[in-house]
Amino acid sequence: MTYTVGTYLAARLKQIGVAHHFAVAGDYNLILLDQLLGYDGLKQIYCSNELNCSFAAEGYARARGVAAAIVTFGVGALSATNGIAGAYAENLPVILISGAPNSNDQGSGRILHHTIGKTDYNFQLEMMRPITCAAVEINDAATAPEKIDYAIRTALAEQKPAYISIACNIADAPCLRPGPMTLNRPLRNHDRASLKAALDATLDWLEGRDKPMIIVGSKLRAAQAQKPAIALAEKMGSPVAVMAAAKSFFPETHPSFRGVYWGLVSDPGVEELINASDAVIYLAPVFNDFSTVGWHAMPEGENVLVADPDRVTLAQTTYDGFSLVEYLDALTAQLAQRGAIAAPDAPRPFNPTPTPPDAPLTNDEMTRQIQGLMTSDTTLFAETGDSWFNAMRLSLPAHARLELEMQWGHIGWSIPSMFGNAIGSQGRRHVVMVGDGSFQLTAQEVSQMIRQKLPVIIFLINNRGYVIEIAIHDGPYNMIKNWDYAGLMDVFNAEDGHGLGLHARTGAALDAAIRRALANKEGPTLIECALDQKDCTKTLRDWGLQVSGTNGRRAQIS
Ligand SMILES: Cc1ncc(Cn2nnc(CCOP(=O)(O)OP(=O)(O)O)c2C)c(N)n1
Ligand SMILES: [Mg+2]
């Protein structure tokens with residue numbers, strides 16, 4: 001087989017397990033799309049726009065560990081930057097590949113379409129650098145292999161997105177044949193002396209401390225340290241809490257699991273456990289204004305150890321040059337076995353009684369019925385909004401997955417990201433909780449779920465506005481134009497019939513809608529849940545007050 005630059009890239013994507021790539025056509029990428037289309041073992045999945053394309057790839061990476069999105073230059077790539085920045089924030093290796101102007105035009109002084117009207121086309125590469133871990137431009141076939149390999153390997157090692165642009169006349173240019181490449185991540189160049197010092201300091205610190213507590217953070221999956229975290233908890237006989245954005249990263253059926261730690265909106269009893277601990281170990285945390293509830297839940301004092309993906313900080317000293325996996329494996333091996341911990345006998349904190357079947361639907365009743373959908377093969381996406389707080393109330397069976405975007409927090413992310421995730425994890429049950437406000441940004445991708453016959457169940461929470469924003473600070477800007485969200489499915493169906501749109505205004509109607517959704521194996525079912533705008537979780541209200549106060553801090557220097 002004679003390789004081209006495009007089929008070299010295709011071979012690399014296949015080698016690292018990217019069986020599906022997401023694309024939106026544009027004249028700068030059509031020849032490249034042909035190269036990928038013709039490559040055995042790759043499937044090309046089309047999106048409605050490049051924002052959704054970048055989120056679909058991000059969702060695929062959540063399922064498969066890595067993903068690729070193909071867009072056109074300028075108008076396409078700049079629309080995709082939002083999903084790529086989100087992938088950076090959420091530690092997901094998405095390879096953004098952009099078609100680009102003919103290599104002969106570089107330095108020609110010519111003005112081209114889809115550029116900002118200047119003769120220098122570098123604006124795009126410069127915009128991609130801060131939101132990727134590697135950004136390369138390919139204007140010749142000779143350097144294509146090294147640039148493609150550098151971008152992909154760096155993305156896998158850093159668990160961050162990378163950017164590759166390929167000139168439209170180079171995509172089908174003859175190229176070298178690729179050698180092997182696998183999805184494995186090279187361990188950081190581990191510094192044995194530093195690792196030993198970190199372990200010695202940790203063992204000394206733990207000596208005499210008999211109430212350890214582990215708190216799991218949202219970078220644990222990207223650090224590929226979920227199993228080592230379980231092993232450590234079992235060796236220490238320690239209770240475990242998860243930070244909100246890490247819910248589902250530690251099995252909730254494990255006897256050590258005690259709930260979500262989210263400051264004043266934590267699950268009952270969790271804050272007390274942490275306050276009573278004399279050795280709080282954070283694993284791969286992200287401390288931002290939302291996760292610390294306006295900086296009120298920041299770890300402090302000598303009872304705290306923070307183990308990041310590539311660094312350990314303890315007793316005013318920091319150690320790096322090794323991976324979290326190396327550190328946890330070695331620590332667990334050296335620790336003496338402490339007593340096993342018993343599962344809590346406390347009942348599930350969220351356990352509301354069903355409302356009368358014909359009573360108006362409530363937030364609690366909706367969430368209670370969603371709980372019934374959670375199985376070990378369920379992947380639930382919870383969008384920015386009260387959906388975050390509803391998701392926190394759910395108990396997850398072993399192997400159930402909860403996907404959140406709490407660092408970037410782009411409303412509308414959940415629909416396209418779920419689309420990509422469902423493409424990458426067919427056979428699982430896919431459920432989305434998304435508010436009316438968020439849905440209006442990226443609704444088109446439901447039509448792609450119909451096209452691909454994905455049986456995604458979408459709970460569209462119609463509470464008539466931006467309720468999470470109202471909880472922070474209300475105003476007319478939080479009111480939105482209402483849609484007939486269920487009716488959209490008829491619009492998206494066109495000549496297909498696989499999409500199903502249903503209204504649920506009572507508990508009985510919701511129960512019936514869920515039954516129909518489970519039976520609809522041929523396509524998505526959108527269930528429009530009508531809620532009173534004031535019917536939101538207490539945790540959202542409490543959290544919103546704190547965040548509002550933090551946002552409103554007076555300037556120190558007037
Ligand atoms: C792209 C983008 N633009 C604006 C925002 C700010 N924002 N965050 N949440 C919201 C409202 C979410 O409203 P809904 O989806 O209806 O959620 P609910 O809280 O359930 O009403 C906004 C407008 C955002 N997070 N992302
Ligand atoms: Mg809303």
Side-chain angles (χ1 to χ4, degrees), residues 49-52 54-55 58 78-90 131 244-245 265 288-291 294 361-367 370 380-394 403-418 431-446 458-486 488 504-505 526-545 547-548 550-551:
N49 60 54
E50 288 87 350
L51 170 67
N52 290 356
S54 60
F55 277 136
E58 188 258 24
L78 267 60
S79 186
T81 53
N82 220 319
I84 296 305
Y88 193 100
E90 303 292 337
I131 58 173
V265 292
N288 66 32
D289 49 346
F290 277 14
S291 68
L361 186 61
T362 65
N363 196 32
D364 282 358
E365 177 61 17
M366 176 190 73
T367 307
I370 292 171
L380 170 69
F381 273 59
E383 178 65 79
T384 296
D386 199 25
S387 299
W388 276 352
F389 298 87
N390 279 326
M392 293 300 128
R393 306 201 283 179
L394 298 174
E403 299 292 350
L404 300 150
E405 195 210 29
M406 282 185 151
Q407 177 57 43
W408 189 236
H410 182 301
I411 57 171
W413 149 88
S414 62
I415 292 295
S417 185
M418 170 55 97
V431 179
V432 186
M433 294 163 74
V434 56
D436 50 342
S438 299
F439 185 76
Q440 292 195 1
L441 276 78
T442 57
Q444 310 91 329
E445 240 49 27
V446 174
I458 301 166
F459 289 90
L460 188 288
I461 297 135
N462 188 352
N463 51 19
R464 301 302 182 105
Y466 297 155
V467 169
I468 188 173
E469 297 296 276
I470 293 170
I472 294 172
H473 176 86
D474 200 4
Y477 29 75
N478 292 329
M479 297 305 113
I480 62 177
K481 168 72 181 76
N482 190 35
W483 291 2
D484 175 2
Y485 298 96
L488 258 186
R505 297 182 181 86
L526 185 148
I527 304 173
E528 182 179 342
C529 300
L531 293 187
D532 183 291
Q533 191 177 88
K534 296 204 181 322
D535 182 9
C536 68
T537 57
K538 178 179 180 308
T539 41
L540 170 57
R541 282 205 190 85
D542 294 346
W543 175 88
L545 271 178
V547 167
S548 174
T550 301
N551 287 349

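Ligands are counted one by one from 1 in listed order, and the atoms in each one are counted from 1 as well.
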Asn49 to Leu51 - nearest heavy-atom pair and separation: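 Smallest interatomic distance, heavy atoms only, reads OD1-N, 3.1 Å.
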Side chain to side chain contact (heavy atoms under 4.5 Å, CB included) between Met418 and Ile458, worked out: CA-CA 10 Å; Met418 170 55 97; Ile458 301 166; over 6 Å; no
Under 3.5 Å, is there a donor on one side chain and an acceptor on the other for [X] and [Y]?
X      : Y      : result
Tyr88  : Gln407 : no
Ser414 : Glu383 : yes
Asp386 : Asn363 : yes

With distance as the sole test, does [X] use its side chain to make a donor-acceptor pair with the main-chain N or O of [Y] at under 3.5 Å?
X      : Y      : value
Glu528 : Asn462 : no
Glu405 : His410 : yes
Asn478 : His473 : yes
Gln533 : Arg464 : yes
Ser548 : Gly544 : no

Test item, Cys536 contacting ligand 1 (heavy atom, 4.0 angstrom): no
Min heavy-atom dist Asp436 to ligand 1 below 4.0 Å: yes
Positive for side-chain contact (heavy atoms from CB on, under 4.5 Å) with Phe459, one of Val431, Leu380, Val434, Thr367: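 When side-chain contact (heavy atoms from CB on, under 4.5 Å) is applied between Phe459 and each of Val431, Leu380, Val434, Thr367, only Val431 qualifies.
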Nearest protein heavy atom to [atom], by residue and atom, and its distance?
atom                    : value
atom 19 (O) of ligand 1 : Ile468 N, 2.9 Å
atom 2 (C) of ligand 1  : Ile411 CG1, 3.5 Å
atom 11 (C) of ligand 1 : Tyr466 CD2, 3.3 Å
atom 25 (N) of ligand 1 : Gly409 O, 2.8 Å

Against heavy atoms of [X], which atoms of ligand 1 measure under 4.0 Å?
X      : answer
Gly437 : 14 (P), 15 (O), 16 (O)
Asn463 : 18 (P), 20 (O), 21 (O)
Asp386 : 18 (P), 19 (O), 20 (O)
Ser438 : 12 (C), 14 (P), 15 (O)

Thr384 side, atom OG1; Trp413 side, atom CH2 - distance, nearest 0.5 Å: 7.5 Å
Is there a polar contact, in the sense of an N or O pair closer than 3.5 Å, between [X] and ligand 1?
X      : value
Leu540 : no
His410 : no
Gly385 : no
Leu441 : no

Contacts of the Mg ion (ligand 2) with protein N/O/S atoms, counting only those under 2.8 Å: Asp436 OD1, Asn463 OD1, Gly465 O
Distance flag, aromatic centroids of Trp543 and Phe290, threshold under 6.0 Å: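 Ring centres of Trp543 and Phe290 closer than 6.0 Å.
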